[in-house]
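To start, the structure itself, in structure tokens.
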Amino acid sequence: MTTELIAFLDESRKPTRNPKTGRVREPERYYYVVAAAVVIDGDSPNIRHQLGQVETEIAYPLHYRNLSTTRRVEALEAIDRIDGWDGYLYETVRPLPEAGYSEHHVRAKLVAEALTHLNSEGVVEAVLETRAGTKTDFQPLDDKDYQVLRKLQRQRVVPNSFRISHGDKAETILQIADLLAGARSDWLCEVNREAHARIGHRVHTIRTVFNKTP
């Protein structure tokens, strides 16, 4: 067992909505959230085991987007009972317009903020959910994360020893980050604030990007 800190990152991107009607308020404006679940590497097998038990209890895959409102609350309460992980959130400070803010650019800013901050917290490796659709189209998307890391290393913001990799749905600890990101983006977009209220106390830090008004 090792005592290295490993971060598991996932994301959520949603448009703002009218809280009374649930309709998209400004389809051209959206919040983007990257969530991290940080664990001690030696604790990860036990955390994965407990997540498997939660998924069995809920009888549904632990992916925020595919869960009903009731199951989301059940899932969040269940992961709250799992010890050994800490949450961190990185988000846009306001809903960003589609024009002038490409999704790739916004994500790169959030990933850079996350890697920089997590390194300062003692994390030595980040596992990001792959954006693979097929084996022919995933590489350019995942390569962008390596480009962000190399830039930070050239700037000496993070050390050359800092590592990133990509995991798919088989990496169950990414489910924690998925649930955190989904609950937080629902809260920001005023879709549903109950979910984040159930898990917000497990989040140590919330950091924002694009803090200056253009």
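- With E171 contributing its side chain and I173 its backbone, the two residues share a donor-acceptor pair below 3.5 Å.
- Residues T130 and D142 bring a donor and an acceptor atom of their side chains to less than 3.5 Å of each other.
- Here the CD atom belonging to Q147 is positioned 12.0 Å from the CG atom belonging to L152, to the nearest 0.5 angstrom.
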CA sep, side-chain torsions, deciding dist, call: S12, R184, side-chain contact (heavy atoms from CB on, under 4.5 Å): CA-CA 8 Å; S12 179; R184 182 61 180 178; over 6 Å; no

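- Put simply, F162 and V127 are part of two different groups of oily side chains (I, L, V, M, F, W, Y) that touch within less than 4.5 Å, one to the next.
- Put simply, the side chain of H201 reaches to within 4.5 Å of the side chain of D80, judged on heavy atoms.
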Residue pair H117, Y90: steps toward the side-chain hydrogen bond (donor to acceptor under 3.5 Å, both in side chains) verdict: CA-CA 10 Å; H117 179 250; Y90 308 90; 2.8 Å; yes

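- Under the 4.5 Å side-chain heavy-atom criterion for ILVMFWY residues, a single connected hydrophobic cluster contains both V111 and F210.
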side-chain contact (heavy atoms from CB on, under 4.5 Å) evaluation trace for Y31 with T16: CA-CA 7 Å; Y31 278 101; T16 57; 3.8 Å; yes

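- Residue D178 holds its CG atom at 14.0 Å from CZ of F8, rounded to the nearest 0.5 Å.
- Considering only heavy atoms from C-beta on, L5 stays 4.5 Å or farther from D41 through its side chain.
- The minimum heavy-atom distance linking L51 with Q175 is given by the pair CB-OE1, 4.0 Å.
- Hydrophobic clustering (side-chain heavy atoms under 4.5 Å, transitive across Ile, Leu, Val, Met, Phe, Trp, Tyr) groups V54 together with L179.
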Verdict with reasoning, R207 to E91, per salt bridge (charged side-chain N to carboxylate O under 4.0 Å, His left out): CA-CA 6 Å; R207 295 174 72 94; E91 61 195 41; over 6 Å; no

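- Under 3.5 Å, the side chains of D86 and H204 contain a donor-acceptor pair of N or O atoms.
- Remark: K169 engages E129 in a salt bridge, criterion side-chain N to carboxylate O under 4.0 Å.
- Taken from CG in N119 to OG in S161, the straight-line distance is 7.5 Å, to the nearest 0.5 Å.
- With hydrogens and angles ignored, the 3.5 Å screen pairs a side-chain donor or acceptor of R202 with a backbone N or O of W85.
- Using a 3.5 Å distance cut-off with no hydrogens or angles, the side chains of R72 and S68 do not pair a donor with an acceptor.
- The shortest distance between side-chain heavy atoms of P159 and Q153 does not fall below 4.5 Å.
- Side-chain contact check for L149 versus D145: every heavy-atom pair is 4.5 Å or farther apart.
- Residues L128 and L174 form no side-chain contact, since every pair of their non-hydrogen atoms from C-beta on lies 4.5 Å or further apart.
- In terms of heavy-atom proximity, A195 sits nearest to Y64 at CB-OH, 3.5 Å.
- Closest of all the heavy-atom pairs between V148 and A108 is CG2-CB, 3.9 Å.
- Of all the heavy atoms in L89 and A35, the pair that sits closest is CD2-CB, 3.6 Å.
- Between the CG atom in D83 and the CG atom in N46 there is a gap of 9.0 Å [rounded to 0.5 Å].
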Audit row: T208, T92, side-chain contact (heavy atoms from CB on, under 4.5 Å) steps and yes/no: CA-CA 5 Å; T208 57; T92 54; over 6 Å; no

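- Counting heavy atoms from C-beta on, the side chains of D10 and V34 never come closer than 4.5 Å.
- In the model, D186 has no side-chain atom that pairs as donor or acceptor with a side-chain atom of H196 under 3.5 Å.
- A salt bridge between E113 and K109 is absent, with no side-chain N of the basic residue lying under 4.0 Å from a carboxylate O of the acidic one.
- Taking hydrophobic clusters as Ile, Leu, Val, Met, Phe, Trp and Tyr residues chained together by side-chain heavy-atom distances below 4.5 Å, W187 shares a cluster with L67.
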Evaluation steps, salt bridge (charged side-chain N to carboxylate O under 4.0 Å, His left out), between E190 and K14: CA-CA 10 Å; E190 299 186 81; K14 292 174 185 168; over 6 Å; no

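- From E55, atom CD reaches atom CG of L62 across 4.5 Å, with rounding to the nearest 0.5 Å.
- Between R13 and S185, every side-chain heavy-atom pair lies at or beyond the 4.5 Å cut-off.
- A distance-only check finds no donor-acceptor pair linking the side chain of Q50 to the backbone of I82 [under 3.5 Å].
- The two atoms that bring A183 and L76 nearest to each other are CB-CD1, 4.2 Å, heavy atoms only.
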Trace of the salt bridge (charged side-chain N to carboxylate O under 4.0 Å, His left out) decision for R198 with E194: CA-CA 6 Å; R198 299 297 180 101; E194 180 182 8; 2.6 Å; yes

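- What you find for R29 and P97 is that their closest heavy atoms are NH1-CD, 3.7 Å.
- No continuous path of hydrophobic side-chain contacts links I206 to V209 [ILVMFWY only; heavy atoms under 4.5 Å].
- Distance check: R107 CZ to L141 CG gives 8.5 Å after rounding to the nearest 0.5 Å.
- Taking 4.5 Å as the limit, some side-chain heavy atom of L9 sits within range of a side-chain heavy atom of L118.
- Aromatic rings from Y32 and Y101 are positioned such that their centres are separated by 6.0 Å or more.
- Judged by the 6.0 Å and 45° rule, R71 forms a cation-pi pair with Y60.
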From CA spacing to verdict: side-chain contact (heavy atoms from CB on, under 4.5 Å), L180, V203: CA-CA 9 Å; L180 283 178; V203 175; 4.2 Å; yes

